[in-house]
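The analysis underlying the following values was restricted to heavy atoms, covering all of them including side chains, and did not include hydrogens, waters or symmetry mates.
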Amino acid sequence: MATQAQQPPHLHLAELTAAQFIDIWKHFDADGNGYIEGKELENFFKELEIARRGAGAGVDPSHAAFKEKMKEFMANFDKNADGRIEMTELAQLLPTEENFLLYFREFVGSSTEFMAAWRRYDSDRSGYIESNELKGFLSDLLQKANRNYDDKKLKEYTQTILRMFDLNGDGKLGLSEMARLLPVQENFLLKFEGIRLTVKEFDSLFTFYDKDGNGYIDEQELDALLKDLCDKNKMDVDSTGLVGYKKSIMALSDGGKLYRTELEITLCRDSQL
């Protein structure tokens, strides 16, 4: 079984299913950080070259010609020129049968749109999108992309998304898990991963910034909270970035009122929702 797991999956195929695409992503993003980078990137390009040219082709990562070809490859596919490949960049370079990742990009192109979609599809306000809610989300996504699908295909996509992003295997997606569908530079939740609060810390924070004790935080109070949180944790965020974070989080609010449960799922690492 271990030997099979080490084999690079599916790169030789002319067309990939969504599930096969996920196999490739999980294989090469070995540390699960949302990028194929460094040694992972070198391994990916080496296996891609072997898949394209045949097993007999000499592919030597230490050779100057290999490095030059890899440089050309990155110039073509590393759209944001950060020296690594993220999931949606990989989706554009591999021949995937039904590329719902790209449909998602068209449907939810920014973190603010993503948060508004989250609020719409987390219909029971549980703090999670469960499989039935996820099916509704994907159904709308495919309709907007003018793609034909049947119930079997919709079920397959739902399972694929869960398999891709349900990191703790509980059969539902938390906000930070679902946000991995976003382009990495749009996923503001990644910025807060290193400072996710405990429930106790979050409760103290919410009480402190809910100055008038009305049970919710408004935009002004959120502004102060985020500035202090970023300063305290020495986060390198400019004023434009802070405005973007605030706008994204406020997309979860109810008419400008951000209640405890909405803010908890963005900042709390062990939310009890």
Side-chain angles (χ1 to χ4, degrees), residues 34 104 107-130 132-134 136-137 140 165-168 170-273:
F104 179 88
F107 182 43
V108 183
S110 71
S111 56
T112 304
E113 289 172 325
F114 167 78
M115 294 296 254
W118 174 273
R119 180 169 171 74
R120 190 159 65 249
Y121 289 99
D122 179 20
S123 53
D124 58 2
R125 295 291 179 270
S126 66
Y128 295 96
I129 287 186
E130 283 132 24
N132 61 320
E133 294 168 329
L134 182 58
F137 171 78
D140 284 357
F165 296 109
D166 179 16
L167 302 179
N168 61 8
D170 62 1
K172 53 191 178 183
L173 296 178
L175 183 70
S176 58
E177 291 174 323
M178 187 80 170
R180 286 165 66 91
L181 277 163
L182 282 165
V184 170
Q185 69 272 21
E186 272 292 342
N187 188 350
F188 77 97
L189 292 171
L190 291 175
K191 302 281 185 188
F192 290 94
E193 272 192 336
I195 56 165
R196 302 281 278 180
L197 306 168
T198 65
V199 169
K200 190 175 179 182
E201 289 168 336
F202 173 78
D203 284 343
S204 299
L205 189 77
F206 189 90
T207 302
F208 181 79
Y209 286 97
D210 178 19
K211 300 290 188 187
D212 50 14
N214 58 8
Y216 63 83
I217 283 179
D218 60 28
E219 195 164 341
Q220 200 172 354
E221 290 166 334
L222 179 63
D223 193 43
L225 184 156
L226 288 176
K227 279 180 183 168
D228 289 351
L229 200 58
C230 290
D231 288 346
K232 182 183 176 186
N233 290 278
K234 298 182 171 58
M235 288 172 65
D236 184 21
V237 181
D238 59 19
S239 57
T240 308
L242 268 178
V243 168
Y245 296 166
K246 185 173 70 174
K247 189 178 175 187
S248 298
I249 294 173
M250 287 306 294
L252 286 172
S253 71
D254 182 5
K257 299 174 181 179
L258 193 65
Y259 290 95
R260 182 182 295 263
T261 50
E262 278 77 29
L263 191 58
E264 185 175 343
I265 60 176
T266 65
L267 297 179
C268 194
R269 70 167 170 263
D270 53 356
S271 170
Q272 294 178 342
L273 290 175

*For Glu221 and Asp212, run side-chain contact (heavy atoms from CB on, under 4.5 Å): C-alpha distance rounded to whole Å, both residues' side-chain angles, the deciding distance at 0.1 Å, then the answer.*
CA-CA 10 Å; Glu221 290 166 334; Asp212 50 14; 3.7 Å; yes

*Considering non-hydrogen atoms only, spot the tightest contact between Ile217 and Leu222 and give its length.*
CG2-N, 3.3 Å

*What do the steps show when you test Phe114 against Leu175 for side-chain contact (heavy atoms from CB on, under 4.5 Å), and what is the final call?*
CA-CA 10 Å; Phe114 167 78; Leu175 183 70; 3.8 Å; yes

_Can you confirm whether more than 12 heavy atoms, excluding those of Lys227, are under 6.0 Å from its NZ atom?_
no

_Least distance between heavy atoms, Arg119 atom then Leu252 atom_ = NH1-O, 3.1 Å

*Once you round to the nearest 0.5 Å, how far does CD of Glu262 lie from CD1 of Ile249?*
11.5 Å

_For the residue pair Lys200 and Phe202, would you count it as a cation-pi contact if the rule is NZ or CZ under 6.0 angstrom from the ring centre and within 45 degrees of the ring axis?_
no

*Please identify each residue that fulfils ring-ring contact (aromatic ring centres under 6.0 Å, His included) with Tyr259, with sequence neighbours left out.*
Tyr216

*side-chain contact (heavy atoms from CB on, under 4.5 Å) between Met250 and Thr112, worked out*: CA-CA 8 Å; Met250 287 306 294; Thr112 304; over 6 Å; no

*Could you tell me the separation between the OH atom of Tyr209 and the CG atom of Asp228, rounded to the nearest 0.5 Å?*
3.0 Å

*asked:* Could you check whether Tyr121 and Asp140, counting side-chain N and O atoms only, form a donor-acceptor pair closer than 3.5 Å?
replied: yes

*asked:* Within the 4.5 Å heavy-atom criterion, are Leu263 and Phe206 side-chain neighbours or not?
replied: yes

*Working to the nearest 0.5 Å, report the span between CH2 of Trp118 and CG of Leu173.*
6.5 Å

*Quick check: does any side chain N or O of Asp210 sit under 3.5 Å from a backbone N or O of Asn214, one acting as donor and the other as acceptor?*
yes

*For Phe137 and Ala117, work out which heavy atoms get closest and say how close.*
CE1-CB, 4.4 Å

*Between CE of Met115 and CG of Asp122, what distance do you get to the nearest 0.5 Å?*
11.5 Å

*Exercise: identify the closest heavy-atom pair between Ala251 and Ala116*: CB-N, 3.9 Å

*asked:* Measuring only between side-chain heavy atoms, which start at C-beta, is Leu134 closer than 4.5 Å to Lys172?
replied: no

*So, Glu133 side chain and Ser123 main chain: donor-acceptor pair closer than 3.5 Å or not?*
yes

